[in-house]
Amino acid sequence: MDILEGLNGPQKEAVTTTDGPLLIIAGAGSGKTRVLTHRIAYLINVKKVSPYNILAITFTNKAASEMKDRVEKLLNASVKNMWISTFHSACVRILRDGAERLGYKRSFVIYDTSDSISLIRSCLKELNLDPKYYEPKGLLHTISRAKDSLMDPDTFEKETANDFRSKNVASIYREYQRRLKQLNAMDFDDLIMKTVELFKVHEDFLLQYQNMFRYILVDEYQDTNRAQYELIKILSKRYNNICVVGDDDQSIYGFRGADIRNILDFERDFPNAKVIKLEQNYRSTQKILNAANNLIAHNKGRKGKKLWTEYEGGPDIVLYKAEDERMEARYVVSSIIDLINRGYSSSDIVILYRTNAQSRAFEEELAQYQIGYRVVGSLRFYERKEIKDIMSYLRVIQDPSDEVSLLRIINEPSRGIGEKTIEQLTEYARSNGISLYEAAKFAGDTDLSARQVKGVLSFVNIMDQLISFKDDVSISALVELVLQKTGYLEILKSENTPESESRIENLNEFIGAAKEFEKDNPDLVLEDFLANLALVSDIDSLEDGEGVVMMTVHSAKGLEFPVVFMVGMEDGLFPISRALDNDEDMEEERRLCYVAVTRAKERLIMTYARTRNLYGRTMVCIPSRFIKEIDIPDFAKEPFKKRSMSVEEPGKVASSKEKYAVGMKVMHKMWGSGIIVQVKDMGSDKELAIVFQSVGLKRLSANIAPLKVEEG
DNA sequence: ACTCTTGGAGTTTTT
DNA sequence: CTCCAAGAGT
C-alpha cells in the first residue's frame, strides 16, 4: 500500500520531509492527525527507521491512543511498545528510569490537583500562614506557572518582588517541594520539570535518550509551555529531527502556562527549520470558513493563514438576538426540534458556551421537551469524591507512608477518628520519627482515649488485612475488597438517593476500568495501575451516543459537529469580562471563538441575549465584538420556523433500546427516580407516564427521554 | 463528630 | 442566584 496515497501536496511534503526541524502549521480540519500518522508510517516503512527511535507526543491520552490505533492500521503491526504518548506519560516512563539520580524512589507517586492543594494547606499550617491571605488554589497556580517556566524555589525567590508576601510565597513553594520529595511524590508539573532537570544534570542519561529518540514529533505544539519546549529542545539537540505540528490560531491554554511564542518563534529557535502550511480544510463549508478567517484576521500575534475548501455551498450562518437567557434557550431548543424534524440526529448537534454555568438554562429547556442531552466535562470522573476515596485507599495500600491519601480516608467512611485524634497521632509520629500510619498501629501506646484507640485500631486492622491481600488478588478484586471491607459500599447502598446511586455507578465504572487495565497489561501490578490512573483522567470523555451535546468551547477543541450553536455571544461573557482591557487575553478569547466556529461542518448558529441574569442581577448586554468581526453578509434572518415546538415527524431521533413496562423503576437525568404508571404505543415510539418523586407525573417519549431502567 | 448556618466568591482546565 | 467552605452549635 502506498503511504502517500490520497494526500494533498502540502500533506505529502509534510510526511516526506523527515530530516531536520520542521514546523507544520495545520489549520482546523486540515487533516493534521492524518499527516502525523502517515509520517510515522513513512518513517518506519520507507525510511526504515526503527519504531524504537521515534518519539511521538500528544497532549491527551485520547489523542495518543487514537494515534496508536491509526498507525497500527497503517502498518498492519502492533505499536504497543512504541513511544506514542502524552508529555506526562513519557516523562513518567523516563523518570521511573532516572528518578533515583534525583533522590526520589523509583516508585514515586503522582499527585493530582486536589492532592497538591491538600499538601499546600498542610504547608501553610506548618508555616503558620493564614489560608485566607494565601489561598491554596492561587498558590498552586503560582507554583505551577513557576514550574512551567522551570523556576525552582531559589530562582523563584530571586525573580519575584522583594516584598513580604512574595517572600512568603517563595517559602511556601520551597516547603511544598520539600514535602513532596519527603513523600516521594511529584505533581503534574514536576513530571516535566524534573525530567528536564534530570537531563540537564546527567549528561550520560541524556545521551542515552537522545540516541533513542532520533525522530521526535510533537502534536498541538501551540499548547506547549516553557518546560515542555526545553524538554524537546534538549532531546532533539543531537539528531535535530524535530517535527512539530500546531495551529497558532488555536492556542487557548495560555492561562495554564502554554506559551504561544513557542510556535511563533520556532524558526528562530531551530535554525534552518522548514515550514509547511496546511490550509485546505476538509470539514466545513466555505461560509463557515469565511467567518473563521474574518474573525481571526483581527489578531496581531499570528503567523497568518487562510483556510479554504472545495465545498462552496452550505446554509447561511444564523444570528439570533434573544430577550434574555431563557428566551435564548427557548430559541435554541425550538431550532433543535426543527433540525431533528429535518433529519438531523440529536447527536449531530452541539451547544457551545464560554462558561459551564451557562449549561443550566439549556438543560432545563431540553428536559422540558424531552430531548436527550449530554453535558461534557463539568465534573470530571477522577474529581468525584468516591473515585478520589477509592484511589486514596489504593495508594495507602500500595504505600502506607502516603500521608495525604491516608488523611483523606482515615475517617471515610466515618469511624470516629476526628481532628483531635489525628492531631495527637501526628504529634506521636513526629516525636518518635515514624510515619502516621505506623503511629496509628501504636495507638494503644499513646494517651488517646479508649474510644479513640478503638476507632484507630479498627481502621489499621482493615488496612493491614487489605495490604496482605495486595499481592495475591487482582487489582479489580482488591478494589471490590476495599469497598466491601471498609463498609463504603454498604453505606452508599443504605443512603438510597439518586446521588448515592450514581456514586455506586461510578465505582462500578472504576472497577471496570481496573479490569480493562488488567486485560491490557497482564504483567503490571497495583503500583503501575496507580501511576497510570493519575494520568488517565478522562474516562468519561465524550463517547458515541445519543443526545444533544453541551460543553465549553475549551472542551470542544479537536471535535467536529454538523450543527454548532454558539450561545451567550456577548461582550463580557464571550469575550469574557476579564479580557476586555487586556490585548493578550483578548487575542486568546478570539482564538477561542475561532476554535468554536471551526467545529461546525454544516450549520453555525450564534445567539446572544439583550439582558442576562448574573448573580441574581439583571445585566444589560451588548453583542459580542466577535460578531461584528466575523462580518459576513450571509447572516440569515429567520431560517427556522418560529417556535415550532411539536415534533410531528420524529425524524432520526434516538431509538429506545430498553423495553418499558408499567411498574418499572426508572432514573431520569433531571428529575431523578420515578415509576412508570402507563405505557402508550405511538407507532414507532411509546409515550410513558411516569410518577417522579421530585416533580410528580410526567408524560415522556420513550425514544428521546434521558431515561435509565433501574435494576430490580 | 456531625449538622446546620452563614458568608464569600463566582473563567476556561488536555495532565 | 447558587454553590462551596469554614464556623457555630448540638
Side-chain angles (χ1 to χ4, degrees), chain A residues 57-64 66 85-92 110-113 115-117 121 130-132 135-138 140-141 144 147-148 186-193 219-220 222-225 227-228 250-258 325 352-358 360-361 376-380 382-383 385 411-422 451-452 455 531-538 541-542 551-559 568 572-580 585 588-589 591-593 595-596 612-619:
Chain A
I57 293 179
T58 62
F59 267 78
T60 65
N61 293 301
K62 200 176 158 199
E66 198 178 309
S85 67
T86 64
F87 265 109
H88 296 266
S89 329
C91 286
V92 169
I110 301 161
Y111 273 18
D112 72 14
T113 309
D115 298 327
S116 296
I117 286 177
R121 281 225 172 83
D130 186 348
K132 253 191 187 144
E135 208 211 344
K137 228 166 125 190
L140 181 62
H141 184 259
S144 178
K147 289 181 176 180
D148 288 344
M186 297 200 202
D187 65 17
F188 285 140
D189 306 300
D190 279 337
L191 296 178
I192 316 288
M193 185 173 77
D219 192 11
E220 306 281 14
Q222 76 282 354
D223 290 330
T224 51
N225 59 38
Q228 289 161 337
Q250 291 189 65
S251 164
I252 55 172
Y253 285 103
F255 66 92
R256 286 185 85 250
E325 76 274 2
L352 298 181
Y353 34 75
R354 178 63 238 268
T355 66
N356 279 312
Q358 286 167 261
R360 217 188 140 119
V376 176
S378 43
L379 186 59
R380 276 173 305 165
Y382 80 107
E383 278 170 5
K385 182 183 180 301
N411 199 34
E412 189 64 60
S414 172
R415 352 180 134 77
I417 304 174
E419 205 181 334
K420 259 262 140 52
T421 315
I422 288 167
R451 207 166 88 190
Q452 287 172 311
N532 178 269
L533 213 57
L535 299 173
V536 180
S537 49
D538 50 354
S541 66
L542 188 63
M551 62 175 106
T552 63
V553 182
H554 280 92
S555 6
K557 200 172 102 173
L559 305 175
L573 192 55
F574 196 8
I576 206 129
S577 54
R578 279 181 55 162
L580 294 178
D585 288 352
E588 182 148 320
E589 291 290 309
R591 291 193 291 270
L592 194 54
C593 188
V595 167
R612 184 175 291 274
N613 278 327
L614 200 62
Y615 310 143
R617 314 176 79 130
T618 302
M619 311 276 285

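So that the names make sense, note that chain A is the first sequence line, chain B the second, and so on, each numbered from 1. On a predicted model such as this, the values are computed, not experimentally measured, just so you know. All values below come from the heavy atoms of this structure, side chains included, with hydrogens, waters and symmetry mates left out.
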Within the structure, does a side-chain N or O atom of [X] lie under 4.0 Å from either OP1 or OP2 of [N]?
| X | N | answer |
| --- | --- | --- |
| A:Arg121 | C:dA6 | yes |
| A:Asn356 | B:dT11 | no |
| A:Arg360 | C:dC3 | yes |
| A:Ser144 | B:dT15 | no |
| A:Thr552 | B:dT13 | yes |
| A:Asn411 | B:dA1 | no |
| A:Thr113 | B:dT13 | no |
| A:Asn613 | C:dT2 | no |

Among [options], the one nearest [X] by side-chain distance:
| X | options | answer |
| --- | --- | --- |
| A:Thr421 | B:dT12, B:dA1, C:dC1 | B:dA1 |
| A:Thr86 | B:dT15, B:dT12, B:dT11 | B:dT15 |
| A:His554 | B:dT12, B:dT11, B:dT15 | B:dT12 |

(message) Let's test this: given Watson-Crick or G-U wobble pairing with both distances under 3.5 Å, identify the partner of B:dT11.
(response)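 B:dT11 is unpaired by these criteria.
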
Atom-pair distance ([atom1] on [X]; [atom2] on [N]), nearest Å:
| X | N | atom1 | atom2 | result |
| --- | --- | --- | --- | --- |
| A:His88 | B:dT15 | NE2 | P | 8 Å |
| A:Asp585 | B:dT11 | CG | C1' | 11 Å |
| A:Ile576 | B:dG10 | CD1 | C1' | 10 Å |
| A:Glu589 | B:dT12 | CD | P | 11 Å |
| A:Met551 | B:dT12 | CE | C1' | 14 Å |

For the residue pair [X] and [Y], establish whether any side-chain heavy-atom pair is separated by less than 4.5 Å.
| X | Y | value |
| --- | --- | --- |
| A:Val595 | A:Gln250 | yes |
| A:Leu573 | A:Tyr353 | no |
| A:Leu592 | A:Arg354 | yes |

(request) Starting from the 5' end of DNA chain B, give me the residue, A:Glu135 or A:Gln452, whose nearest nucleotide shows up first. (result)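 Of the two residues, A:Gln452 wins.
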
(request) Just label B:dT5 as syn or anti from its O4'-C1'-N9-C4 or O4'-C1'-N1-C2 angle, using within 90° of 0 for syn. (result)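 Because its glycosidic torsion lies more than 90° from 0, B:dT5 adopts the anti conformation.
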
Looking across every strand, which nucleic acid part, if any, lies under 4.0 Å from [X] by heavy atom: base, sugar-phosphate, or nothing?
| X | result |
| --- | --- |
| A:Tyr253 | base |
| A:Arg617 | nothing |
| A:Ser555 | sugar-phosphate |
| A:Ile192 | nothing |

(request) Please state the P separation for the pair C:dC4 and B:dT13 - nearest whole angstrom. (result) 15 Å

(message) Between B:dT12 and A:Phe255, is there a base-stacking contact, meaning the centre of the base's six-membered ring lies under 5.5 Å from the residue's ring centre while the planes stay under 30° apart?
(response) yes

(request) Would you check if the distance from the ring center of A:Phe255 to the ring center of A:His141 is below 6.0 Å? (result)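 No.
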
(request) Check for a donor-acceptor pair, side chain of A:Arg612 on one end and backbone N or O of A:Met619 on the other, with a separation under 3.5 Å. (result)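 No, the answer is negative, given that no donor and acceptor are paired below the 3.5 Å cut-off.
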
(message) With a 3.5 Å cut-off and heavy atoms only, can you find an N or O donor on one side and an acceptor on the other between the side chain of A:Arg354 and the base of B:dT12?
(response) yes

(request) Mind checking the OG1-CD spacing from A:Thr618 to A:Glu325? Nearest 0.5 Å is all I need. (result)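 Taking OG1 in A:Thr618 and CD in A:Glu325, the distance rounds to 8.0 Å.
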
